[in-house]
Structures are given as structure tokens and as C-alpha cells.
Amino acid sequence: MGQFDFSKRDSFGSKFGVIAAAAGSAVGLGNIWRFPYVAGENGGAAFLIIYVLAIVSIGLPVMLSEFAIGRMAQRNAFGAFKKLAPGKPWYLIGVMGILGAFMILAFYSTVAGWTMEYLFQSITNNFQGKDAATLSTSFDSFRTSGSSPVMWQLIFMVLTAGIVVAGIKNGIEKYTKILMPLLLLIIVALVVRAVTLPGSAEGLAFLFAPDFSKLSAPVILEALGQAFFSMSIGMGVLITYGSYIGKKDNIGNSAAAISAADTLIAILSGVAIFPAVFAFGIEPNSGPGLVFITLPSIFNNMPAGYFFSILFFSLLLIAALTSSISVLEVVVAYCTEQLGWSRKVATAVAAVAITATGVLCTLSQGPWDQLTLFGMNIFDLLDWTSANLLLPLGGFFIVLFAGWFLSRKQVKDEITNSGTTKAVFFEAYLFIIRFIAPIAIGLVFLFGLGVL
Ligand code: PHE
């Protein structure tokens with residue numbers, strides 16, 4: 001099907017575009033939907049501390065390594081390793097990334113579909129007058145119903161593919177530059193509302209007053225997995241995006257800004273959600289349905305709740321969309337550059353294949369929930385294994401590659417733009433990716449899985 005013309009590679013047009021696109025990838029359902037329920041299931045505040053620790057000490061260095069590898073190679077997540085390490089098996093990281101894209105986007109598009117249904121329900125004023133118990137039951141009956149969530153999932157995947165097919169500058173960058181600032185504004189508005197609810201203190205205490213007796217090896221593994229998932233690291237999304245970053249941009253600064261934005265928005269989501277959880281008597285550990293039950297309850301009880309609910313679910317959808325495009329781009333970049341497919345064909349084929357996997361996830365919430373492995377249905381299996389196994393494992397190999405395979409000079413040149421910018425943190429960074437990160441990921445992994 002022809003050869004890709006590397007001299008015509010697309011790229012981001014501005015520094016803000018890079019931040020918007022990469023923060024768009026990072027900030028997503030992981031922050032607003034997954035973080036609150038995973039934190040809720042794992043004890044709240046003590047989990048939050050480990051999570052933030054994982055971001056700073058492991059996540060940020062992994063992110064910077066991904067940017068450096070991508071920009072150095074100017075290739076997709078598979079091609080980058082083929083180019084930088086010809087004849088060596090490092091390209092398997094790229095293979096894992098493509099596998100990860102399928103796993104993540106499958107259950108991600110299920111939840112994004114729920115978001116669209118909830119946007120629709122907001123517009124038609126469907127939450128009005130319903131108490132938390134009724135909202136909980138109606139969420140469950142929708143989630144398990146099969147056809148309706150599948151329909152929304154298909155629509156969502158068409159939207160995702162519609163942006164990706166337009167390319168980097170005219171697709172991904174163009175949309176994320178508008179959508180991300182909006183997202184921030186709305187979260188702040190919701191936080192203000194949540195903390196002024198009667199009974200909010202209990203929710204804040206759950207999030208900020210740590211009870212360390214809740215910590216265990218599996219909880220630490222959850223926190224690490226959540227950090228990886230939330231930052232979009234460990235599967236080549238940021239290698240791919242990094243390959244579109246201009247040679248003059250400061251990737252160290254960008255990585256720091258993106259990590260900070262991602263962490264802030266996860267915490268703000270927790271602050272918006274837990275006070276409401278407690279104020280409305282919902283169990284904080286009620287799993288993936290948490291935000292779909294609590295938020296409608298909040299909106300029911302606030303002035304102008306109708307408009308806020310429309311705004312919130314549109315923005316949850318936006319958060320999902322700006323992340324899902326980054327996942328699809330991993331596969332599309334691979335198909336165009338390695339297989340020589342046109343962008344149109346690559347996007348169509350990748351989207352259809354991923355959607356097919358996604359439909360299985362959606363059906364596993366209802367009609368097919370008897371189909372389980374290790375006690376988890378397909379949805380939970382993909383959610384748990386991608387975040388807690390695949391991404392940390394990917395991150396483990398990425399830091400080994402940057403820390404031990406590439407030379408110190410190669411990495412330093414890439415991060416400092418050949419010595420034109422300062423990187424005072426470089427020695428610390430190198431020490432982390434060579435020793436701390438691989439050892440920490442390895443230990444958390446082995447203890448978390450009960451191997452040690
Ligand atoms: N970071 C995204 C979120 O928080 C999800 C994601 C994971 C995107 C992995 C890309 C890669 O929702």
C-alpha cells in the first residue's frame with residue numbers, strides 16, 4: 001500500500017498546542033471517572049498520597065523519557081524503537097503499546113458512551129426530582145441494557161475517528177486547544193459548588209485525612225496503575241505525541257506542566273465528587289458507576305442544576321474525547337508509518353477493530369457479565385490489567401531503554417535541545433530512570449501481585 005513519506009510528517013504548530021494535546025490526553029475519564037472510584041475503593045487519603053508520590057517520582061520521569069524517545073526518533077511508538085535500536089527487541093514496547101491501545105480504548109469508549117447518554121438525559125431533564133437510590137437503579141438498568149450503550153459507544157468512536165483522521169495540526173491540536181481551557185473552568189465551578197454543600201467536610205476528610213492502616217501492597221499497585229493510566233504513560237501515547245513536538249520546545253517544562261495539570265484535575269475531581277458522595281449518602285466504594293450516580297444527585301439539588309448538568313456531561317465527554325484521540329493516534333501512526341496505509345484507511349481500520357473490542361466490554365456490563373476471568377468480567381479485566389499491569393510494565397521498559405540503552409549524551413542532548421536550554425534536574429532524572437523507577441515499579445509489581 002505504498003510508503004510513508006517521512007519528509008511530510010505532521011507536527012504540532014505551537015507550544016500551547018503541545019500542552020493542550022498532551023494534557024488533553026492525560027486529563028480524561030481517568031481523572032474524573034476512574035480516580036474517584038479507585039480512590040474510594042482503596043481508602044481515600046492514604047491512596048492519594050501514594051498516588052501523588054508515584055506521579056512525581058516515577059510518572060514524571062517516564063513521561064519525559066517518552067517525549068525524548070519520540071522526538072529523537074521522529075516516529076510512531078513502534079517505529080521509534082526500530083529506528084533507535086535496529087535489530088533489537090525493544091520494538092516489543094511498541095507492540096505492547098498497540099495492544100494497550102486496544103484494551104484501553106475498548107473499555108474507555110464504553111464509559112464515554114455512558115457519558116453521552118448522561119448528556120442526553122441532562123438535556124432532556126431526566127434527573128429532575130429523582131433521589132439517589134432511583135438514580136442508582138436507573139444507571140444500572142441503562143448500563144446493563146446492551147443496545148443503548150452500544151449505540152452511544154459507536155457514536156463516540158465516530159467522533160474520535162473524525163478528529164484523528166484530520167491529522168495533528170488540523171485535528172488533534174485544533175480541538176484540544178479549545179476544549180482544554182473550557183474543561184478547567186467547569187471543574188472549578190463544580191468544586192466551588194461541592195465544597196459548599198452541607199456535609200461536605202466528611203467527603204473532604206475522606207480525601208485528605210489519611211488512614212495509613214488502609215495501605216497494603218495491592219493498594220500501592222492500584223495507586224501506581226492509576227498514576228500511569230491518568231498520565232497516559234507506558235503505552236507510547238507520549239512517544240507518538242513527542243514525535244510531533246518541535247525541536248525547539250522545552251520538553252522538560254512541558255512534561256512538568258502536563259503532570260501538574262493532570263494531578264491537579266484529578267484532585268479537583270475528588271474534591272468535586274466526595275463531598276457530594278457523603279452529602280447524599282452514597283458509598284464511596286461503589287465502583288465504576290460512582291460519578292454517574294453522584295453527579296446527577298448534585299445537579300438535582302443545586303440552583304441552575306439543569307444547565308450545570310449539561311455543561312458537566314459535555315465536558316466529561318470532551319475529557320474523554322481528547323484522551324481517546326491520543327490512544328487511537330498510537331495505532332493510526334503505526335499503520336501509516338510502518339504499513340504505509342493512508343491516514344484515512346488507517347483511521348477507519350483501527351477504529352472499527354477497536355470498536356469491535358469495545359462492544360464486548362459494553363456487553364460484559366449486562367448480557368455477557370457471566371463471562372469472567374479471575375473473577376472479573378471483560379470490562380473490569382481490561383480496566384484492571386491495562387492500568388495495573390500493561391502500563392507499569394511498559395513504563396518499566398521505557399525507562400530502561402532511555403536510562404541504559406540510549407547514551408547519556410543522546411538523552412541529555414534531546415532534553416536540553418543540544419545544550420541550548422538548561423536542565424538542572426538532569427542528573428536526578430537520570431538516576432531515577434536508571435535505578436529508582438525500574439526498581440520501584442518492579443517491587444510494587446511483585447508485591448502487588450503477591451509474588452513476593
Ligand atoms: N490518561 C487518560 C485518562 O486519564 C487515559 C489514557 C490512558 C489515555 C492511557 C491514553 C493512554 O483518562
Side-chain angles (χ1 to χ4, degrees), residues 19-39 51 54-55 59-60 62-63 66-67 70 76-77 93-94 96-115 156 160 163-164 172 176 179-180 183 187 222-242 255 258-270 288 291 315-334 350 354 358 382-395 398:
I19 306 254
S25 172
V27 175
L29 294 173
N31 305 60
I32 308 168
W33 158 73
R34 199 177 191 278
F35 173 74
Y37 96 76
V38 172
Y51 170 73
I55 287 186
L60 182 55
V62 174
M63 182 182 278
E66 288 204 30
F67 278 161
N76 63 86
I93 299 174
M96 274 172 55
I98 289 161
L99 184 72
F102 270 80
M103 292 171 62
I104 290 174
L105 204 43
F107 74 85
Y108 209 80
S109 57
T110 299
V111 181
W114 298 348
T115 303
F156 177 77
T160 303
I163 296 178
V164 170
I172 293 176
T176 50
L179 300 172
M180 292 315 289
L183 174 92
I187 292 261
E222 282 284 349
L224 182 75
Q226 175 60 26
F228 270 73
F229 184 82
S230 187
M231 297 177 82
S232 301
I233 53 178
M235 58 152 289
V237 160
L238 298 180
I239 294 178
T240 310
Y241 273 15
I258 295 156
S259 306
D262 185 59
T263 311
L264 185 74
I265 293 195
I267 294 175
L268 288 181
S269 303
V291 302
L315 288 162
L316 192 55
L317 175 61
I318 288 163
L321 196 58
T322 56
S323 298
S324 64
I325 53 180
S326 71
V327 184
L328 186 58
E329 177 61 27
V330 169
V331 185
V332 170
Y334 166 79
I354 289 175
L382 293 187
D383 178 348
W384 192 87
T385 40
S386 62
N388 297 353
L389 300 186
L390 201 84
L391 300 184
L393 204 62
I398 287 167

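Ligands are counted one by one from 1 in listed order, and the atoms in each one are counted from 1 as well. For this chain, numbers begin at 1 and follow the sequence in order.
- Below 4.0 Å from some heavy atom of Val327 lie the following atoms of ligand 1, by number and element: 8 (C), 10 (C).
- Judged purely by atom type and a 3.5 angstrom limit, Ser230 has no side-chain atom pairing as donor or acceptor with the backbone of Ala227.
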Report the C-alpha distance between Ser269 and Asn31 in whole Å, list the side-chain angles of each, state the deciding distance to 0.1 Å, and finish with yes or no for side-chain hydrogen bond (donor to acceptor under 3.5 Å, both in side chains). CA-CA 7 Å; Ser269 303; Asn31 305 60; over 6 Å; no
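- Across Leu183, Thr115, Leu321, a single residue satisfies side-chain contact (heavy atoms from CB on, under 4.5 Å) together with Leu316, and that is Thr115.
- With a heavy-atom cut-off of 4.0 Å, Ile104 touches ligand 1 through its side chain alone.
- Residue Asn31 places at least one N or O, backbone or side chain, under 3.5 Å from an N or O of ligand 1.
- Of all atoms in ligand 1, listed by their number and element, those nearer than 4.0 Å to a heavy atom of Leu29 are 12 (O).
- With hydrogens and angles disregarded, a donor-acceptor distance shorter than 3.5 Å links the side chain of Ser323 to the backbone of Gly24.
- Ligand 1 places these atoms under 4.0 Å from at least one heavy atom of Val237: 10 (C), 11 (C).
- Between the side chain of Tyr108 and the main chain of Leu29, a donor-acceptor pair closer than 3.5 Å is present.
- Ligand 1 has no N or O atom lying under 3.5 Å from any N or O atom of Met235, backbone or side chain.
- Formation of a donor-acceptor pair under 3.5 Å by the Thr240 side chain with backbone atoms of Gly236 is found in this model.
- Closest to atom 4 (O) of ligand 1, if we only count protein heavy atoms, is Ala26 O, 2.9 Å.
- Ser25 O, 3.2 Å is the protein heavy atom nearest to atom 2 (C) of ligand 1.
- Backbone and side-chain nitrogen or oxygen atoms of Gly30 are examined, and one is located within less than 3.5 angstrom of a nitrogen or oxygen of ligand 1.
- Comparing Phe35, Tyr108, Trp33, Phe229 by heavy-atom distance to atom 12 (O) of ligand 1, the nearest is Tyr108.
- Nearest non-hydrogen protein atom to atom 8 (C) of ligand 1 is Ser232 OG, 3.3 Å.
- Distance check, rounded to the nearest 0.5 Å: CD1 of Ile104 to CE of Met235 gives 5.0 Å.
- When atom types are taken as modelled, the side chain of Ser232 and the backbone of Ser25 share a donor-acceptor pair closer than 3.5 angstrom.
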